[in-house]
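Data block below; observations after.
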Amino acid sequence: MFSFKSIGCPLFAVLLLHISSIARAQSSETASLDKVKLTFTLDKEGRPGYEVSFGGKAVIRPSTLGMVLQADSLFYRGFEMTGVERREVDTTWEPVWGESSRIRDHYRQLTVHLRKPGSPTRRLDIAFRVFADGVGFRYEFPKQPGLTYFAVSDERTQFRMAGDHKAFWIPGDYDSNEYPYTTSLLSQIDNRDLVEKSTAIAVRVAPDPYAVQTPLMMKTDDGLYINIHEAALVDYSAMQLHVDRAGLILSSSLVPDAVGTKAYVHAPFHTPWRTILVSDRAADILTSKTILNLNEPSKIENTSWIKPMKFVGVWWEMQTGKSTWSYSDFPDSLDPKGRPVPNGRHGANTANVKRYIDFAAAHGIGGVLVEGWNTGWEDWFGNWKENVFDFVTPYPDFDVRSVTEYAASKGVKMIMHNETSGSATNYERQMDTAFRFMVRFGYGSVKTGYVGKIIPRGEHHDGQWMINHYVRVAAKAAQYHVMLDVHEPVRPTGLQRTYPNWLACEAARGNEYNAFSDGNAPGHETILPFTRLMGGPMDYTPGIFKLKGYSGVPGRQVHTTLAKQLALYVTLYSPLQMAADLPENYDAHPDAFRWIEEVPVDWDDTRVLEAEPGDYISIARKGKGAPNWFIGAITDEQGRVASLPLAFLEKSTKYEATIYRDAPGADWKTNPEAYLIEKKIVDSRTILSLPLAPGGGAAVSLKPVKAS
Ligand code: NOJ
Ligand code: CA
């Protein structure tokens, strides 16, 4: 069933099964690859633990492992080791889409077998995979009479840090990840104030003011970059991290359900992988494939219908207040004949949708998203009702058949929108109906959303029930050959490898916050790739050209220059990438829009040319199956000159570089729309010097010059 391909590089799995005599005294086992070394220990009290180093430097100091189960509150001590297994795997696989077309998966695995004497005996395995850029480990519960169906009360995984590192973090909210990042020392993490001030659609904040979400990015005083997250989050709740600020200890804090239980499982079972990435180069964190490698191969056999694309949408006009999602202003505004009274500002009307279809067709943009097409938007936000939306009933001014036919005649794909307003049970009941509707009207992808409190009541966006829901939706969408872009889910953990139709998620604070709030600080996009995007692509919705004056609220503006909006198409990877602004704002800058037309959404190769979390990122990528390269370079609020060696280009080939950059005097705050476009002939010996404005960026396309 798996479409796992093992190619080129041979797979060699050396299995050394070594069953030692049962170890009762303190014992330890190590595994290493390149500079990464993992040590597992079992102490005299039978408590499992581990530590990690990189090039001899401590990354994780001796830390505890283990679980608290409802059936055994001490499932972290009193263990004996009954054996270890080791193996090495080195293989290469091809993702359906992604940042590179071949991915090497090379690790050394150490699995320790533990048992807890008792009546009946209980068993636990801990599997470690050591990669050249980090470690993944997980708890595995073999099938056993001592544990069949059981509930997890807590996980006792610690990450003891070796110093008071600089950290890039958002607070441990169980329901929202749409926060601005704070940069502080670990010892200064305190999110009480931030939680109060945040404009995130937070519906319940975790009671722990010292918890943060993963991926957590850190930098040490001596130049190590460390990232902690998880991979393959399935049938379990998300892991947040409680920060012991005095001891510099991060400990797993699982998102609870309505009665405080963290997970209900049955053996055989394994937890998601806990991941620790480490390097002395920030760029290596961004190119790490370890999280993807720790996920299962595709469960979808025929993936030929999965096609990355760019899209426009009837969307930013609602975000900025020009039009509305709803058809009427109030739920009960009916005319004497009982028909809803139109407010005259409904965005998803047939004529307006056709305007977007025309624009997409004229510019080679693959898809058109339409939000607010279905009934229910008069009263959907924050009312915690079960049945706000039915996903199949259009408003009177949205002619779904005519839109479908028009889009098909122009070769444009329609993108469905299913906002659930947090009512996941409602969505589950209607999912088949919703997907059948999509198939019937030619929608090959859907953007879903989970704004608000989750129903079932008491469940959280990041709890086990919802984790299972997101996976059920991905599997159901695959059954109907529909691609998925999920808003307000748990942050991704690499499951796009297993469900390659799950192209994108939001799961962080997107560009939309520039429309309806004080916005995202200019450094925000330089942190996202090191945090949220470590788990998978983000639907950030880049491409805003009208950066000021789109909102009635004084002072509201996008916190980047126009050139930086272009660069985001490369620096924030997504196989479903929106051109989020209005057609009329693109028509005002056809020369700059050319970049958005040309930039690919699927890549053969990716090189991070320079990167520093919170400061700047420059990335070059080669389009899939084509010789052209594209560069995006961005900076935070500090202007700088990006110095980019083009050594990745084919030797002895000349390329025409088209450079879209900030004009002299550009500045995100005062002069964001000043850009210039220039052309140059370059080759692999060229070092491009690109001045970036404060909050600015640059985008470059590189195409081989054809011999005339
Ligand atoms: C929040 C999403 O992030 C946004 O893209 C969408 O337009 C609204 N919810 C309405 O569904
Ligand atoms: Ca959102």
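Both counts, for ligands and for their atoms, begin at 1 and track the order of listing.
- Pairs passing the salt bridge (charged side-chain N to carboxylate O under 4.0 Å, His left out) check and including a residue from residues 318-331, sequence neighbours excluded, read Lys322-Glu584.
- Residue Trp325 has at least one heavy-atom neighbour below 4.0 Å for each of these atoms of ligand 1: 7 (O).
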Result block: side-chain N/O donor-acceptor pairs under 3.5 angstrom for residues 549-556, not counting sequence neighbours:
| residue | atom | partner | partner atom | Å |
| --- | --- | --- | --- | --- |
| Tyr550 | OH | Asn514 | O | 2.7 |
| Tyr550 | OH | Val558 | N | 3.0 |
| Ser551 | OG | Val553 | N | 3.0 |
| Arg556 | NE | Ser517 | O | 3.2 |
| Arg556 | NH1 | Phe516 | O | 3.4 |

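- A cation-pi arrangement is absent between Arg497 and Trp502, since the terminal nitrogen or guanidinium carbon is not both under 6.0 Å from the aromatic centre and inside a 45° cone about the axis.
- For the 3.5 Å distance criterion, the side chains of Glu488 and His461 fail to qualify, holding no donor opposite an acceptor.
- Heavy atoms of Trp377 found under 4.0 angstrom from ligand 1 belong exclusively to the side chain.
- Counting only non-hydrogen atoms, the option in His417, His487, Gln319 that gets closest to atom 3 (O) of ligand 1 is His487.
- The closest approach between a heavy atom of Trp316 and any atom of ligand 1 is not below 4.0 Å.
- Taking distance alone, with nitrogen or oxygen atoms compared against 3.5 Å, Glu506 approaches ligand 1 more closely than that limit.
- Under a 4.0 Å N-O distance rule, the pair Glu419/Lys447 does not qualify as a salt bridge.
- Using a non-hydrogen distance threshold of 4.0 Å, Lys447 registers as a contact of ligand 1.
- A salt bridge links Glu386 with Arg429: at least one charged nitrogen is closer than 4.0 Å to a carboxylate oxygen.
- Vertex the Ca ion (ligand 2); arms to Glu488 atom OE2 and Glu178 atom OE2; angle 90° (nearest 10°).
- The distance criterion of under 3.5 Å between nitrogen or oxygen atoms is not met by Trp380 with respect to ligand 1.
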